[in-house]
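Everything on this sheet refers to the single structure shown next.
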Protein chains: 2
Amino acid sequence: MISMKTELETSRELSGQIADAIRDAIVDGSLLVDQRLPSEAELSDKFNVSRPTVREALKRLAAQNLIRTQRGATGGAFVNRLSFEQAYGQQITTSTLLLSMNTVSFDVACEARYAMERACAPLSAARRTPDHLATMRAEIHRQSQPGLTDEAFCASDVAFHRALVDGAGNPVLSYQLAGAVEAMQPLMNMITFTARSREQIVTLHTRIADAIENGQSADADAALIELTNYTLDLGKNVMSRHQKPAPSQ
Amino acid sequence: MISMKTELETSRELSGQIADAIRDAIVDGSLLVDQRLPSEAELSDKFNVSRPTVREALKRLAAQNLIRTQRGATGGAFVNRLSFEQAYGQQITTSTLLLSMNTVSFDVACEARYAMERACAPLSAARRTPDHLATMRAEIHRQSQPGLTDEAFCASDVAFHRALVDGAGNPVLSYQLAGAVEAMQPLMNMITFTARSREQIVTLHTRIADAIENGQSADADAALIELTNYTLDLGKNVMSRHQKPAPSQ
DNA sequence: ACACCTTTAAATGTCTGACAAATGATTTCT
DNA sequence: AGAAATCATTTGTCAGACATTTAAAGGTGT
């Protein structure tokens, strides 16, 4: 028998309370990974609500990747083992919204992103595989091509930094950075990269890749600091042109 | 008129596709913060589905804090300005599940956490307010009290590191770290802190607080490295006793 | 006994229609 | 003009039904 709090209040909406009760049972371990939840009919009995209400609750949980559902005879809702892929997705969506809704400024996001990248660099210098290095080199080469659109340049930039972070071999760091880096792409896309600035960035990327290749984390750190300041400079111009005044609320 | 992709496939479930369409409209800016979505009746017309299906889609979005709903004459679903509070909550839930479901090991989580904390330390040394410092000192004092339960010691540990991170004055870093630090608490709670190990941790915390107070970020970094290794050691013993063999999948 | 097809049952997915409850706007009355 | 009653709109909830998917059980022929 699955224990679960079933007493509901009258204030909040029922589907929210039911979702919370089930979520708590998952988080505190009452429901284990891959375990099947009671059927919708059973849940509506247990909570004394209708099936549509139960379904709304289950959809809330599905949106957070806490459960997955399967149709058919042996189907039902199952506690989902959260994968990094799914966590990435949530992280990117959330971070993107935090930025796009002007909850945080470009400067703050930029500082956070590079601070965390610098935390990855020493680990990456020690552990990166030849594959990570090859990706970094390839992206640097792509960034040197003339005629690249700003969007393509940005995408390549993200891929480069992604390889740098993944080189650390720590999926939690990759997960955290995925949000910070990818979320900034829309803002970075607003930047016009002149030939001069691209050259500067490629130079810094090359220094970083060299440092990572040779295990010289101090060099990587120094280059990342320069890159931080340079990006902040580029962003300053963009923001002064696009940034709306502080939101009223 | 609100533009939104309304053609649906037959493969996936409808509520998921509708949720995605609306979410895309929010993320790419077609729907602005505080803007009202069409009513459930209008949406069910637009997408050619029933109202319960629309409602399931809206609940999915509400679970991600993308919208909020209001009843009444001028009510409806409104695009929600994502707050840091809400983002914290999501981040902590996700990170906690990633850890508790054995998707990542203690070592990996620990490394990621302290790597990011080290990224915060220099910023905190430069910007922390007297308030942050006072919190750190108070928590150190609490940790020195004899008779503290392991859980209370852990909670104080979290509060100490929280103050350290918040001292950096960068809400994005605080947001990222909130997940990493709080998510580790259940694992840390499994550790038995002997008087000897508490003393060691308090000593390191004091070194960190001193360094932050005097703006000596190198000292803080060194102490954090020691704390990382010490925590990994403590965890090693716990894991050898509790850790199940690697998950099959 | 084995392989193949059919049936069946259980579960989620979707629809229809209805009522309850909340809430701002409107109207009416004083 | 102001207060109270009414109304209209919208979300929240319920009941019941049918469609679709899926695996397992059962039957059939060789």
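Throughout, protein chains are lettered first and strands after them, A, B, ... in sequence-line order, and every chain is numbered starting at 1. What's counted below: heavy atoms across the whole structure, side chains too, no hydrogens, waters or symmetry copies.
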### Query
Which residue, B:Gly75 or A:Ala73, contacts DNA chain D at a nucleotide closer to its 5' end, judged by nearest heavy atom?
B:Gly75
### Summary
Residues in residues 51-68 of chain B with a heavy atom under 4.0 Å of DNA chain C, by number, are B:Arg51, B:Pro52, B:Thr53
### Value in whole Å for how far the C1' atom of D:dG12 lies from CZ of A:Phe47
18 Å
### Message
I'd like to check B:Tyr88 versus B:Ser83 (side-chain heavy atoms, cut-off strictly below 4.5 Å). Are they in contact?
### Response
no
### Message
Just the rounded figure in Å: distance from P of D:dG12 to CD of A:Gln17.
### Response
13 Å
### Message
Can you tell whether the side chains of B:Arg68 and B:Asp34 come within less than 4.0 Å, N to carboxylate O?
### Response
yes
### Query
Can you find a pair of side-chain heavy atoms, one from A:Thr135 and one from A:Phe160, that are under 4.5 Å apart?
no
### Query
Is the closest basic N to carboxylate O distance between B:Glu13 and B:Arg60 below 4.0 Å?
yes
### Task
Just do the salt bridge (Lys or Arg N to Asp or Glu O under 4.0 Å) check on B:Asp107 and B:Arg113 with the steps written out, would you?
CA-CA 10 Å; B:Asp107 286 4; B:Arg113 170 191 162 171; over 6 Å; no
### Message
Can you pull out every side chain to side chain donor-acceptor pair (under 3.5 Å) where at least one residue sits in residues 162-172 of chain B? Sequence neighbours excluded, please.
### Response
A:Glu111-B:Asn170, B:Arg162-B:Glu182, B:Asp166-B:Ser174
### Message
Output the rounded distance in Å from CZ (A:Phe78) to C1' (D:dA23).
### Response
12 Å
### Message
Tell me whether the side-chain N or O atoms of A:Arg71 pair up with the base of D:dT22 as donor and acceptor below 3.5 Å, since no angle test is needed here.
### Response
no
### Task
Determine whether B:Val54 and B:Leu14 make a side-chain contact, defined as any pair of heavy atoms from C-beta on separated by less than 4.5 Å.
no
### Query
Closer than 4.0 Å, any side-chain N/O of B:Ser39 to the OP1 or OP2 of D:dT9?
no
#### Entry: A:Asn48 CG - D:dT13 P separation (whole Å)
14 Å
### Query
Does B:Phe78 reach the side chain of B:Gln35, with side-chain heavy atoms less than 4.5 Å apart?
no
## Note on the structure
In the 5' to 3' direction, the nucleotides of DNA chain C bounding the stretch that comes under 4.0 Å of a heavy atom in chain B are C:dG13 to C:dG24
### D:dC14 OP1/OP2 closer than 4.0 Å to side-chain N/O of A:Ser50
yes
### Verdict with supporting geometry, A:Val158 and A:Glu139, side-chain contact (heavy atoms from CB on, under 4.5 Å)
CA-CA 9 Å; A:Val158 168; A:Glu139 297 300 337; over 6 Å; no
#### Entry: Closest-nucleotide 5' rank along DNA chain D - winner of A:Arg12 and B:Glu42
B:Glu42
